Amino acid sequence: MAKTKTQFLCQNCGTVHNRWAGKCDGCGEWNTIVEEDPMGGIGGGPGRAPKKGRAVALTTLSGETEEAPRVFTGISELDRATGGGFVRGSAVLIGGDPGIGKSTLLMQAAAALSRKGHRIIYVSGEEAVAQVRLRAQRLGAADSDVLLAAETNVEDILATISEGKRPDLVIIDSIQTLWSDTADSAPGTVTQVRTGVQAMIRFAKQTGAAMVLVGHVTKEGQIAGPRVVEHMVDAVLYFEGDRGHHYRILRTVKNRFGPTDEIGVFEMSDKGLRDVSNPSELFLGERNAKSPGAAVFAGMEGTRPVLVEVQALVAATSLGTPRRAVVGWDSSRLAMILAVLEAHCGVKLGQHDVYLNVAGGYRISEPAADMAIASALVSSLAGAALPPDCVFFGEISLSGAVRPVSQTAQRLKEAEKLGFASAMLPATSAELPKSGNARWTMIEDLPDLVSRIARSGRKLGKDHQNAGEDD
Ligand code: TYD
Ligand code: MG
């Protein structure tokens with residue numbers, strides 16, 4: 001008899017371990033490893049008689065191709081993030097923290113689609129029918145023809161959605177509640193989640209329905225996170241945002257049918273999520289241009305420019321080891337910029353606490369923000385505000401040189417559109433938009449930037465003094 005052997009699977013990343021351990025080697029998370037039975041589920045595990053394979057026809061790369069057929073939701077930011085609507089026959093994973101608004105967004109999408117005459121099935125594994133109805137009423141979606149079921153068993157769900165006319169879109173909320181009779185592990189474990197998702201993907205591929213899977217990002221390893229199924233689905237979108245702020249960002253991290261660096265921006269309201277077609281205005285909305293330590297970064301999210309304010313506070317420390325706290329930006333990148341400032345510009349921050357915040361709970365992933373961060377740091381240390389109508393972008397290398405970044409012209413155009421009359425940017429061969437009043441300043445290296453900020457700070461300080469003397 002074949003010996004049954006259990007596996008130890010990390011519930012966060014799915015790494016297989018031979019024995020239990022406190023920390024996962026794969027993702028570095030603690031307490032996420034759980035013993036599971038690999039029998040059943042995908043592939044059925046060992047012990048099954050090998051089946052004789054069937055040869056499939058090989059083909060070439062050239063040949064007829066078709067544009068992927070899509071279902072448009074009409075919610076412009078959602079369509080932007082998915083690359084133009086959900087693709088038929090594909091599976092999309094929408095991940096995010098619990099309570100961030102995934103169910104709300106998908107209910108709105110479902111209602112919008114069903115109003116266009118599509119057949120939409122919403123399978124809720126977390127909320128009872130009455131709760132989903134209440135939400136639909138609140139969102140003004142109750143009058144749409146979305147078909148609803150509260151079910152968690154994979155076989156029952158498949159039987160339900162296979163019945164009748166083929167659905168155009170199926171929403172499974174959430175994958176962590178799915179459980180299948182064929183897998184022996186408890187619901188919420190990696191094996192169960194993968195088995196359930198596999199079955200749903202198979203359904204999508206066979207019938208041509210679009211499948212949307214909701215996955216909660218989990219902090220503790222008690223239930224499997226969405227990362228363990230990322231490789232199986234066609235597109236992965238993460239819904240993110242800060243609980244303290246009223247807008248949400250839908251970020252594409254994988255998309256087999258479209259670009260991956262797009263974002264959709266939504267504003268929360270009591271009536272649900274609203275599209276934000278010009279995110280820069282939102283992120284700069286609460287700006288206080290006169291305070292030192294604030295710099296506006298001209299960033300790009302996919303094809304769309306986004307202006308956002310970065311704020312730095314540099315203060316003398318009373319601790320032996322100064323504090324570095326970062327929100328919305330990579331902390332190791334901050335350490336690098338501090339090191340470059342110290343090594344090449346003589347800006348010493350070893351005796352200072354450094355706090356860095358990206359306004360509005362936005363998260364920057366582009367290295368092009370380096371120059372804005374460095375400017376904010378220097379401005380805060382010097383106690384001099386940066387010119388209020390100036391944007392910054394450019395990547396800083398370890399040698400202190402400022403490196404060019406892509407899409408310079410788009411960044412500058414967006415800045416100009418929003419009333420910024422100057423920019424500090426890397427020297428570039430790209431063609432810059434020509435305009436009457438705007439001043440584009442090419443910065444060669446970080447010392448150049450620091451001396452310019454120091455000079456303009458002095459000038460601003462003088463103007464301020466003069467203004468004070470006048471009255
Ligand atoms: P919900 O969609 O249930 O989050 P998730 O499915 O990701 O766990 O939303 C969480 C709560 O936030 C819910 O009580 C409704 C509320 N909410 C609003 O009131 N307005 C909104 O625009 C959004 C997105 C959520
Ligand atoms: Mg939900």
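Counting convention: from 1, in listed order, for ligands and their atoms alike. Keep in mind it's a predicted model, so treat the numbers as computed, not measured. One is the number of the first residue; the rest follow in order along the sequence. What you see below is based on every heavy atom in this structure, not just the backbone, and it leaves out hydrogens, waters and symmetry mates.
In summary, K116 and D145 do not engage in a salt bridge, as defined by a charged side-chain N under 4.0 Å from a carboxylate O. Electrostatic pairing of D173 and K102 does not count as a salt bridge here, judged by no charged N lying under 4.0 Å from a carboxylate O.
Among T82, N255, T303, the one residue that satisfies the side chain to side chain donor-acceptor pair (under 3.5 Å) test with E262 is T303. Partner E77 forms a salt bridge (Lys or Arg N to Asp or Glu O under 4.0 Å) with one of R251, R274, R304 and no other, that one being R304.
Contact annotation: S103 places an N, O or S atom under 2.8 Å from the Mg ion (ligand 2).
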As a test of reading the model: which N/O atoms of the protein lie under 3.5 Å from N/O atoms of ligand 1, and at what distance?
{"unit_1": "ligand 1", "atom_1": "2 (O)", "unit_2": "S103", "atom_2": "N", "d": "3.4"}
{"unit_1": "ligand 1", "atom_1": "2 (O)", "unit_2": "T104", "atom_2": "N", "d": "2.9"}
{"unit_1": "ligand 1", "atom_1": "2 (O)", "unit_2": "T104", "atom_2": "OG1", "d": "2.5"}
{"unit_1": "ligand 1", "atom_1": "3 (O)", "unit_2": "R135", "atom_2": "NH2", "d": "2.5"}
{"unit_1": "ligand 1", "atom_1": "4 (O)", "unit_2": "G101", "atom_2": "N", "d": "3.1"}
{"unit_1": "ligand 1", "atom_1": "6 (O)", "unit_2": "S103", "atom_2": "N", "d": "2.9"}
{"unit_1": "ligand 1", "atom_1": "6 (O)", "unit_2": "S103", "atom_2": "OG", "d": "2.6"}
{"unit_1": "ligand 1", "atom_1": "7 (O)", "unit_2": "I100", "atom_2": "N", "d": "3.3"}
{"unit_1": "ligand 1", "atom_1": "7 (O)", "unit_2": "G101", "atom_2": "N", "d": "3.0"}
{"unit_1": "ligand 1", "atom_1": "7 (O)", "unit_2": "K102", "atom_2": "N", "d": "2.8"}
{"unit_1": "ligand 1", "atom_1": "7 (O)", "unit_2": "K102", "atom_2": "NZ", "d": "2.9"}
{"unit_1": "ligand 1", "atom_1": "8 (O)", "unit_2": "G99", "atom_2": "N", "d": "2.7"}
{"unit_1": "ligand 1", "atom_1": "20 (N)", "unit_2": "S269", "atom_2": "O", "d": "2.7"}
{"unit_1": "ligand 1", "atom_1": "22 (O)", "unit_2": "S269", "atom_2": "N", "d": "3.3"}
{"unit_1": "ligand 1", "atom_1": "22 (O)", "unit_2": "S269", "atom_2": "O", "d": "3.2"}
{"unit_1": "ligand 1", "atom_1": "22 (O)", "unit_2": "G272", "atom_2": "O", "d": "3.1"}

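A donor-acceptor pair is defined here as one N or O able to donate and one able to accept, closer than 3.5 Å; such a pair exists between the side chain of R411 and the backbone of A298. Although no hydrogens or angles enter the test, the distance criterion places a donor-acceptor pair under 3.5 Å between the side chain of T317 and the main chain of L319.
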